[in-house]
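Computed from heavy atoms alone, side chains included, the values below leave out hydrogens, waters and symmetry copies. The sequence lines fix the lettering, A, B, ..., with proteins before strands; numbering per chain opens at 1.
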Protein chains: 4
Amino acid sequence: MPPSATADETPLRRKLMDAALELFDERTWDGTNVPEIAARAGVAVGTIYRYFPNKQALGEAVFTEAKAAFADAVVTDAVRAADPVTAIGLVWHHQVAFALAYPQAFSFLEHQVHGSYLRPQAYEVVHRLDAELVEILRAAQAAGAVRAGDPQVLLSMAFGAFVGVTKHSRASGVPLGEYDLEGVREAVMSLIGLTGPGSPDAA
Amino acid sequence: MPPSATADETPLRRKLMDAALELFDERTWDGTNVPEIAARAGVAVGTIYRYFPNKQALGEAVFTEAKAAFADAVVTDAVRAADPVTAIGLVWHHQVAFALAYPQAFSFLEHQVHGSYLRPQAYEVVHRLDAELVEILRAAQAAGAVRAGDPQVLLSMAFGAFVGVTKHSRASGVPLGEYDLEGVREAVMSLIGLTGPGSPDAA
Amino acid sequence: MPPSATADETPLRRKLMDAALELFDERTWDGTNVPEIAARAGVAVGTIYRYFPNKQALGEAVFTEAKAAFADAVVTDAVRAADPVTAIGLVWHHQVAFALAYPQAFSFLEHQVHGSYLRPQAYEVVHRLDAELVEILRAAQAAGAVRAGDPQVLLSMAFGAFVGVTKHSRASGVPLGEYDLEGVREAVMSLIGLTGPGSPDAA
Amino acid sequence: MPPSATADETPLRRKLMDAALELFDERTWDGTNVPEIAARAGVAVGTIYRYFPNKQALGEAVFTEAKAAFADAVVTDAVRAADPVTAIGLVWHHQVAFALAYPQAFSFLEHQVHGSYLRPQAYEVVHRLDAELVEILRAAQAAGAVRAGDPQVLLSMAFGAFVGVTKHSRASGVPLGEYDLEGVREAVMSLIGLTGPGSPDAA
DNA sequence: TATGAATGAGAGTTCATTCAT
DNA sequence: AATGAATGAACTCTCATTCAT
């Protein structure tokens with residue numbers, strides 16, 4: 001999986017998290033059973049319990065790691081240092097790059113409901129990322145570069161639009177990379193009403 | 001639930017479908033157990049099996065009914081009769097009305113992954129609705145009223161943007177009705193690049 | 001079913017006993033469920049409980065009636081009045097006639113184990129019939145007309161031989177009537193070592 | 001149980017098969033529930049499902065093993081090599097020895113109806129044994145050593161006579177060994193009309 | 001009197017978790 | 001440290017029985 005792994009990394013723990021992520025993405029947490037995870041990771045069932053106290057903890061670890069990796073990938077120091085408009089372009093770029101590099105992590109995180117196994121504290125990463133992105137949008141609004149309105153809603157729409165495309169990619173079986181992602185970017189920039197320099201790759 | 005219910009309606013069957021929808025929305029199909037459904041419906045466990053051969057069939061019935069109700073609500077005869085641009089406005093309006101009237105059905109349908117209990121044929125409604133909406137977008141593109149690009153992707157983005165808002169509503173606990181839905185509509189119309197008469201309520 | 005029905009006969013009770021006998025013969029008592037019996041009898045489930053307090057009582061009634069009918073058919077007054085050798089011939093004849101007339105009752109009674117639903121008192125008919133037949137054999141032995149040895153064992157063998165034929169008939173699907181029953185009789189008479197006038201139909 | 005056990009033997013699997021045979025004999029397959037089997041075998045319920053996919057498969061395994069053990073015990077190479085008359089004597093001897101050594105297996109196999117849980121293929125052993133024994137009787141008839149008539153019927157009678165004795169033994173609670181089995185043998189030999197050297201133990 | 005929808009205890013089965021090896 | 005057979009609570013489903021109609 002992506003970097004930002006927790007400290008106590010181990011080859012087996014890594015294999016377990018990867019196998020679990022794959023299966024949770026395919027079948028959801030509730031729909032996956034522990035022996036399957038062990039089988040996919042190529043270890044015995046008992047081994048799982050040397051690394052995680054129970055299935056719920058494994059679920060939380062997988063979710064938290066994936067979400068943290070996404071957050072770290074999307075909001076980099078460069079994003080924090082940039083002006084709002086540039087930041088938005090960077091964020092978009094990073095988000096797409098993450099979804100391309102880790103499609104399973106992305107769809108596990110964004111196409112499912114996670115209430116059954118996450119304790120409230122697991123949402124901290126989510127909220128922190130949310131807050132940072134909302135702040136960027138707010139700043140962009142203040143600069144008159146982005147449409148008015150609740151920036152949280154703006155964010156939900158923009159991100160939702162992209163998630164919509166990844167859902168379609170997953171349902172159709174066509175890899176995200178084969179879509180016209182530049183077209184998607186332009187449409188979403190229209191959605192948020194962004195004017196000015198859009199693509200970070202632009203000259 | 002919404003109209004378009006299957007022929008063999010019965011008060012108890014109705015109560016079971018409603019209770020099941022609520023729980024599937026809260027906890028997913030895999031995360032809900034049969035006694036809970038019975039309890040919520042106020043009947044004994046065995047009663048469920050007088051109306052559905054098994055839990056999977058109940059899941060399919062709930063999903064299919066909700067999706068069909070959504071499809072019927074969104075693509076009405078008026079939509080089919082209208083010109084593309086008007087049709088888009090109507091569709092948007094209907095979709096929002098459905099999400100406001102049946103928030104649980106909407107989030108059950110759109111915030112989850114349903115692979116574990118639906119047989120392929122259950123997706124027929126999904127595909128039919130999809131095809132109709134794509135056709136409307138295609139016609140609008142032909143008329144030069146909507147941004148170019150794969151209409152399927154355009155649809156995924158536009159619908160995804162709205163789903164993003166409903167997700168946020170659900171996560172925050174703020175009812176969808178308290179959001180600035182007119183603002184959302186305008187943003188999404190910009191997303192698809194729609195020009196011309198937008199809101200069906202507009203003078 | 002055969003005569004000797006219990007006093008409180010009723011058309012519905014009769015249909016229920018007949019349907020139950022058929023099903024118990026096909027699937028055993030444990031393997032038959034109450035709704036099936038109702039369906040076969042053409043009545044509603046609840047009706048069964050107006051005639052029998054529970055499934056076990058129905059089982060006992062069916063078993064007891066069938067066994068009593070068999071006993072009454074086999075040991076008639078004529079048998080009781082006859083000399084041992086003639087009695088044996090008559091008993092054989094009656095037994096075969098019963099198995100031909102009521103194959104389901106016969107195989108239900110003789111091809112199965114009934115321990116799970118009969119209270120000890122239900123075996124009284126069995127023991128009474130047994131005792132009468134054993135007495136006939138003992139008298140025949142005393143007259144030197146039948147092989148020596150425990151008459152109970154002799155009876156078990158002779159009856160078992162016939163049951164063996166009915167089992168084969170049932171397994172092969174060939175009705176008992178198509179077998180060479182006269183040959184069977186002669187063989188069994190040899191088994192018990194009976195000399196003298198054998199067949200009651202003989203000139 | 002008897003030898004001829006299937007390859008994948010295991011102490012627990014053995015205990016389960018033994019416990020199941022006992023209970024199926026006492027209460028029939030339909031009348032026995034899974035927790036009882038587990039309790040009798042001294043294991044937890046779940047353990048059963050590590051060795052058998054379901055209750056039906058356990059029933060089939062028990063039936064098939066017992067029947068195969070019986071067939072192997074009865075028709076040995078010595079039987080196949082012997083002349084028909086000697087073979088009949090040996091078969092009789094083996095059958096009695098099996099019933100003495102494994103009374104539960106014998107009565108489970110022969111006092112019950114097994115239709116509810118056996119797939120047709122489970123009857124293959126039954127038919128193979130039957131065919132071999134019928135062939136022996138046919139050869140004996142050809143040699144003029146045994147009564148004329150359908151050899152299948154002759155077999156059913158002879159075996160049925162012995163089964164009749166085991167049924168009585170079971171019902172009365174008197175172990176089979178306390179019966180005059182030599183007398184039983186002689187009677188059955190008369191039944192099939194066997195002349196010539198009877199008992200294999202005879203000088 | 002007869003019905004059959006409703007019941008819930010108990011059946012068969014699954015699976016997260018433990019622990020002797 | 002890793003294993004996987006064993007466990008038993010909890011699941012899905014069945015069916016004997018009840019009772020309002």
Encoded 5' to 3' (Watson-Crick or G-U under 3.5 Å; [ ] crossing; | other strand), DNA chain E becomes .||||||||||||||||||||
Please find the earliest and latest nucleotides of DNA chain F, in the 5' to 3' direction, that have an atom within less than 4.0 Å of any heavy atom of chain D.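 From 5' to 3', the first and last contacting nucleotides are F:dG4 to F:dG8.
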Which nucleotide in the list E:dA16, E:dT3, E:dT13 gets nearest to the side chain of A:Tyr49?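 The nucleotide sitting nearest to the side chain is E:dA16.
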Among E:dT7, E:dG12, E:dA2, which nucleotide has an atom closest to any side-chain atom of C:Thr47?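 Of the options given, the side chain of C:Thr47 lies nearest E:dA2.
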By nearest nucleotide on DNA chain E, pick out whichever of A:Val45 and C:Ile48 is the more 5' one.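 Comparing both residues, the 5'-ward one is C:Ile48.
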Please work out which residues in residues 52-59 of chain D have a non-hydrogen atom less than 4.0 Å from an atom of DNA chain E and list them by number.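 Those residues whose heavy atoms fall under 4.0 Å from DNA chain E, taken from residues 52-59 of chain D in numerical order, are D:Asn54, D:Lys55.
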Quick one, which residues of residues 25-34 of chain D touch DNA chain E with a heavy atom under 4.0 Å?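 Of all residues in residues 25-34 of chain D, the ones placing a heavy atom under 4.0 Å from DNA chain E are D:Thr32, D:Asn33, D:Val34.
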Would you mind classifying the nucleic acid contact of D:Leu12 as base, sugar-phosphate or nothing, using non-hydrogen atoms under 4.0 angstrom?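 Sugar-phosphate, no base atom in range.
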Contacts of type salt bridge (charged side-chain N to carboxylate O under 4.0 Å, His left out), residue B:Arg40, not counting sequence neighbours: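 By the salt bridge (charged side-chain N to carboxylate O under 4.0 Å, His left out) rule, B:Arg40 matches B:Glu22, B:Glu26.
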So, taking the atom named NZ in B:Lys15 and the one named OG1 in B:Thr10, what distance separates them when rounded to the nearest 0.5 Å?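 Result: 12.0 Å between the selected atoms.
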A:Thr64: partners by side-chain hydrogen bond (donor to acceptor under 3.5 Å, both in side chains), with sequence neighbours left out: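 Listed in chain order: nothing, the list is empty.
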Closest heavy-atom contact between C:Met17 and C:Phe52?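 Heavy-atom minimum between the residues: SD-CZ, 3.6 Å.
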